[in-house]
Amino acid sequence: MRSHRCGDLRTTDEGAPVALCGWVHTRRDHGGVIFIDLRDVAGLVQVVFNFSEAPALQGAAEGLRSEFCVRVEGEVRRRKEGTTNEALATGEIEVAATSLEVLSVSATPPFQVDEHHDVEEMLRLKYRYLDLRRTRMQSNLQLRHAIVSSIRRFYDAHGFTEVETPMLTRATPEGARDYLVPARLHPGSFYALPQSPQLFKQLLMVAGLDRYYQIVRCFRDEDLRADRQPDFTQLDVEMSFVDREDVLAVTEAMFKQVWAEVLGAELQDFVRLTFAESMARFGTDKPDLRFGMELTDLSGALQQTEFRVFQAGKEEGGAVKAIVLGSQGGMPRKQIDALVEEAKALGAGGLVWIAVADEGLRSPVEKFLSEDEHRELPRAAAAKAGDLILIVADGHAEVVDRVLGSMRNRLGKHLGLVPERARADPEAWKFAWIVDFPWFERDEAAGAWTAIHHPFTGITPDTVDYLESAPEKVLSKAYDITLNGWELASGSIRIHDRALQERVLAALGISKEEAQARFGFLLDAFAFGPPPHGGIAPGIDRIVALAAGEDNIREVIAFPKTQSAADPLTGAPAPVDADQLEALHLALKPPGPT
RNA sequence: GCCCCAGUGGAGCAGCCAGGAGUGCUCAUCUCCCUGUCAAGGAGAAGGUCGCCAGUUCAAGUCUGGUCUGGGGCGCCA
């Protein structure tokens, strides 16, 4: 039907007769001559209908409208001097049309298919097939394919076997809320869609697969964010006879290959941070390492403080920390007030700001500070004259970290501390391994210890003895990859010892009977010579979003859902017929207060 | 569950703080003109119960309350 793709034509094709198929991108009607930009998957090319050369085409060409699907025959011509278009890859040539066939007409599109307008996301999703015609979305999907393709090549070359695992599986009460599927053949019972293939991949290790990977959809029924969809794609990996360094090395090599092949960036070795160091320096376990502005601990300088707000930071478990905004001492009061509001919205009681000047400190709390503190505070915060210090104090250190960490990430970009860099520039990509996570975290509401990673995560040998006596001191064999402030991957060396696994479940407050009911199949499998094993699961959507420079994973998913987990295109979720409910042994309760 | 932002002809915005006739801008649509444009240009036209429901007021796009939808975040996400 066609001889070339529109966007591929170059001056080397000059004189060639071509047949092109594509969509009318724009139309410029000059009366005796009409130009259209014809668009296909490869790009745009200008087609000329010149009615003195091809008078037969006049009627059809005048009838062309945006997004008509057409076939054009013609000849590739070099454009005359002064009429070339540098903005187009095909801008040195054009196609002089000799025939025009309208393959299908288009209604007036609900929005313009171009890169120049930001359209309401709801509308984009409702007409996603039009939204996806845009260059940005086409290149995002192509980039996604290139990344996944490179990932598969890597694991294929390293002895991994891709194995599929069930989509209809068993609910796991731990962790996120499950999506449930009623079982027609088992009245009252439900399958769950997998939150991840975690248990299956461990079983594959027991089965002797040795090295497994899978690019797999996972499902979590939790509230959405810019980096979270109810169904999302993971690169799931598991390896036998490995320790942490083996998994880290293979995974890091994979990322290096993908970045080299797809983005042309030769990555340096990943930085490594312990969880404790990351929290102390950046207030988060997913730090953006593209700029400084690290958190500083002011508790030393404020030992003797009389100021009540700062005293909160000296309480057991509390903290008083600061970030310094370089040369922002003159920030307008209105903007500072906005920062204070932001801190409060993030859970801080307030935000103390201090502008450092040559002649001293300027701050609403200046009068509460002693002479020593006037001298020591800027020094402890590493601030110089002209800087603005932002201080948060709270009885809970995690509040201080969360607030300052979050403000740091936002302000870093807002203040232009993150330089624009080319994709191929290794400096654009600040990968880091975060290691030595605590195993447990305290669920204050339930008054219980819960797993930070998951219940099958290994424990470092030197902290395993704290399992029963001091769970807060237990460190896990878990590791994360972070990139530019995003968590990209999470994994661990697993427990392969049945006795230890049972001790861990006991520490989580899960009884033997309960454990047997929930994960008995895994514990049973561990009775049959399980190999030491471990793995990792990078998020494909996040990897692609970062690589594409998007700040939302919806931009790299063909058919994503809205924040309320709905799909405006298909109308999902939707009610079902009474017949269907009947077959599933389900009766609906009217919605209402419970 | 909570906080913040947004909703105005088909699309994107302004108008709202400080109430006075649906006012304006860019694009799209329709008609006409135009042979070198390229997000073409020129002339004209059509198109809106200002998300929805209440309230305040002589008068509401504008003020108040509620609600729905979309987006960002907190909680949640082993």
Side-chain angles (χ1 to χ4, degrees), chain A residues 25-38 44-53 58 65-67 77 79-88 90-91 94 96 107-127 130 172-178 195-196 198-199 218-230 232 338 341-342 344-348 399 402-403 406 409-410 439-441 443-445 449-457 476 478 487 490 492 504-505 508 510 518-519 539 551-552 554 561-564 566 568:
Chain A
H25 188 65
T26 54
R27 179 180 60 106
R28 295 177 290 280
D29 185 346
H30 287 245
V33 61
I34 293 178
F35 302 94
I36 63 166
D37 289 340
L38 192 62
L44 298 175
V45 70
Q46 175 165 280
V47 176
V48 190
F49 299 95
N50 189 319
F51 302 139
S52 61
E53 295 172 9
Q58 181 153 8
R65 293 294 180 272
S66 290
E67 302 307 317
R77 283 200 311 219
R79 294 203 200 176
K80 286 194 198 79
E81 190 99 10
T83 65
T84 58
N85 183 353
E86 311 237 323
L88 283 185
T90 59
E94 64 191 7
T108 300
F111 54 84
Q112 284 150 262
V113 181
D114 62 32
E115 309 300 316
H116 309 292
H117 302 89
D118 288 326
V119 179
E120 183 95 18
E121 190 144 354
M122 181 77 160
L123 200 63
R124 293 177 55 198
L125 293 185
K126 184 169 178 186
Y127 297 95
L130 295 180
T172 53
E174 297 265 315
R177 209 171 286 116
D178 287 309
Q195 296 177 26
S196 83
Q198 181 63 35
L199 298 177
C218 303
F219 305 85
R220 293 180 191 173
D221 186 6
E222 296 292 347
D223 290 347
L224 282 72
R225 292 287 187 280
D227 60 355
R228 274 160 40 184
Q229 282 273 302
F232 60 100
E341 287 311 308
E342 186 184 339
K344 286 180 180 169
L346 288 166
V399 171
R402 185 179 73 230
V403 172
S406 165
N409 268 353
R410 202 189 61 74
W439 204 102
F440 293 94
E441 88 192 313
D443 181 343
E444 297 294 348
W449 293 101
T450 59
I452 285 184
H453 193 54
H454 59 57
F456 318 107
T457 304
S476 76
E487 181 190 311
S490 203
S492 63
V504 165
L505 292 171
L508 288 167
I510 299 172
R518 290 182 189 177
F519 335 103
D551 52 18
N552 194 306
R554 288 189 303 273
K561 293 178 178 61
T562 67
Q563 198 161 50
S564 61

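Please read these numbers as outputs of a predicted model, since none were measured by experiment. All heavy atoms count here, side chains included; hydrogens, waters and symmetry mates do not. Letters A, B, ... are given to chains in the order of the sequence lines, protein chains preceding strands, and every chain is numbered from 1.
Taking side-chain N and O atoms only, A:Arg554 has a distance below 4.0 Å to OP1 or OP2 of B:rG72. Here A:Ser406 does not reach the OP1 or OP2 of B:rC74: none of its side-chain N or O atoms lies under 4.0 Å away. Side-chain N/O atoms of A:Arg410 include none lying less than 4.0 angstrom from OP1 or OP2 on B:rG73. Taking 4.0 angstrom as the limit, A:Arg402 places a side-chain polar atom (N or O) nearer than this to OP1 or OP2 of B:rG75. Using a 4.0 Å cut-off, some side-chain N or O of A:Thr562 falls inside it from OP1 or OP2 of B:rG70.
Within 4.0 Å (heavy atoms only), A:Arg65 reaches sugar-phosphate atoms of the nucleic acid but no base atom. Backbone-only engagement by A:Ile452 is indicated by non-hydrogen atom pairs under 4.0 Å involving sugar-phosphate atoms exclusively. Residue A:Glu341 is out of contact with every strand shown, counting any heavy-atom pair closer than 4.0 Å. Residue-level contact check: A:Ala176 touches the backbone only, with heavy atoms under 4.0 Å from sugar-phosphate atoms and none from bases. Contact annotation for A:Glu120: backbone-only contact, meaning every heavy-atom pair under 4.0 Å involves sugar-phosphate atoms and none involves a base. Among the protein residues, A:Pro455 comes within range of the nucleic acid bases, having at least one heavy atom under 4.0 Å from a base atom. Nucleic acid contact for A:Asp114: none, since no nucleic acid atom lies under 4.0 Å from a heavy atom of the residue.
Put simply, CD on A:Glu115 is 16 Å from C1' on B:rC38, counting in whole angstrom units. Atoms CD (A:Gln563) and P (B:rG1) sit 14 Å apart, rounded to a whole Å. Rounded to a whole Å, the NE2 atom of A:His116 is 12 Å from the P atom of B:rC27. Following rounding to the nearest Å, A:Asp37 (CG) and B:rA39 (P) show an atom-to-atom distance of 8 Å. Rounded to a whole Å, the CG atom of A:Asp223 is 9 Å from the C1' atom of B:rC77. The CG-P distance, from A:Leu224 to B:rU69, rounds to 14 Å in whole Å. As a whole-Å value, the separation of A:Leu123 CG from B:rG71 C1' is 15 Å. B:rC68 atom P lies 14 Å from atom CE of A:Met122, rounded to whole Å.
B:rG15 and B:rG48 are spaced 15 Å apart, taking the C1' atom of each and rounding to whole Å. Rounded to whole Å, the C1' atom of B:rC16 lies 11 Å from the corresponding atom of B:rU8. Using atom P as the reference point in both B:rU23 and B:rC50, the two lie 13 Å apart (nearest Å). Here the separation of B:rA28 from B:rG12, taken at their C1' atoms, is 11 Å to the nearest Å. Comparing B:rG44 with B:rG24, their P atoms sit 14 Å apart, to the nearest whole Å. To the nearest whole angstrom, the two P atoms, one in B:rA54 and one in B:rA60, are 14 Å apart. A gap of 24 Å separates the P atoms of B:rU35 and B:rA45, to the nearest Å. Taking atom C1' on both nucleotides, B:rA21 is separated from B:rG1 by 45 Å, rounded to a whole Å.
Side-chain contact annotation: A:Gln195 with A:Asp178, donor-acceptor N/O pair under 3.5 Å present. Using a 3.5 Å distance cut-off with no hydrogens or angles, the side chains of A:Gln46 and A:Arg28 do pair a donor with an acceptor.
A distance-only check finds no donor-acceptor pair linking the side chain of A:Thr84 to the backbone of A:Gly91 [under 3.5 Å]. A donor-acceptor contact shorter than 3.5 Å links the side chain of A:Arg402 to the backbone of A:Leu346. Of the possible donor and acceptor atoms, none in the side chain of A:Gln229 sits under 3.5 Å from a partner among the backbone N and O of A:Leu224. Under the 3.5 Å distance criterion, the side-chain polar atoms of A:Ser406 are left unmatched by any main-chain donor or acceptor of A:Val403. A side-chain donor-acceptor contact under 3.5 Å links A:His454 to the backbone of A:Phe456.
Figure legend. B:rA14 is base-paired to B:rU23; pairs are counted as Watson-Crick or G-U wobble with both atom distances under 3.5 Å. Using N1 to N3 plus N6-O4 or O6-N4 for Watson-Crick, or N1-O2 and O6-N3 for G-U wobble, each under 3.5 Å, B:rA28 pairs with nothing. Under the Watson-Crick and G-U wobble criteria, each requiring two contacts below 3.5 Å, nucleotide B:rG1 is paired to B:rC74. If you check B:rG9 for Watson-Crick or wobble pairing at under 3.5 angstrom, you find it has no partner at all. For B:rG41, the paired nucleotide is B:rC33, the pair qualifying as Watson-Crick or G-U wobble because both relevant distances are below 3.5 Å. Judged by Watson-Crick or G-U wobble contacts below 3.5 Å, the nucleotide B:rG65 has B:rC53 as its partner.
For A:Glu121, the listed nucleotide lying nearest its side chain is B:rG71; candidates were B:rG12, B:rA28, B:rG71. Of the candidate nucleotides B:rU29, B:rA11, B:rC74, B:rU29 has the atom lying nearest to any side-chain atom of A:Thr108.
A:Arg220 contributes no side-chain N or O that forms a donor-acceptor pair with the base of B:rC77 under 3.5 Å. For B:rG70, the base has no donor-acceptor partner in the side chain of A:Arg124 [N/O atoms by modelled type, under 3.5 angstrom].
Nucleotides of RNA chain B nearest to A:Gly175 and A:Lys561 differ in position, and the one nearer the 5' end is that of A:Lys561. In terms of position along RNA chain B, the nucleotide closest to A:Thr26 lies nearer the 5' end than the nucleotide closest to the other residue of the pair A:Glu441 and A:Thr26.
Checked against the 6.0 Å centroid criterion, the rings of A:Phe219 and A:Phe232 do not qualify as a close aromatic pair.
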- Task: Using a 4.0 Å cut-off on protein heavy atoms (strictly under), produce a 5'-to-3' string for nucleotides 32-37 of chain B with B for base contact, S for backbone-only sugar-phosphate contact, and - for none.
- Result: --BBBB
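Annotation: the span from A:Glu94 atom CD to A:Ile36 atom CD1 amounts to 12.0 Å, rounded to 0.5 Å.
We find that A:Glu53 and A:Arg77 are joined by a salt bridge, their nearest charged nitrogen and carboxylate oxygen being less than 4.0 Å apart. Between A:Arg228 and A:Asp223 there is no salt bridge, since no side-chain nitrogen of the basic residue lies less than 4.0 Å from a carboxylate oxygen of the acidic one.
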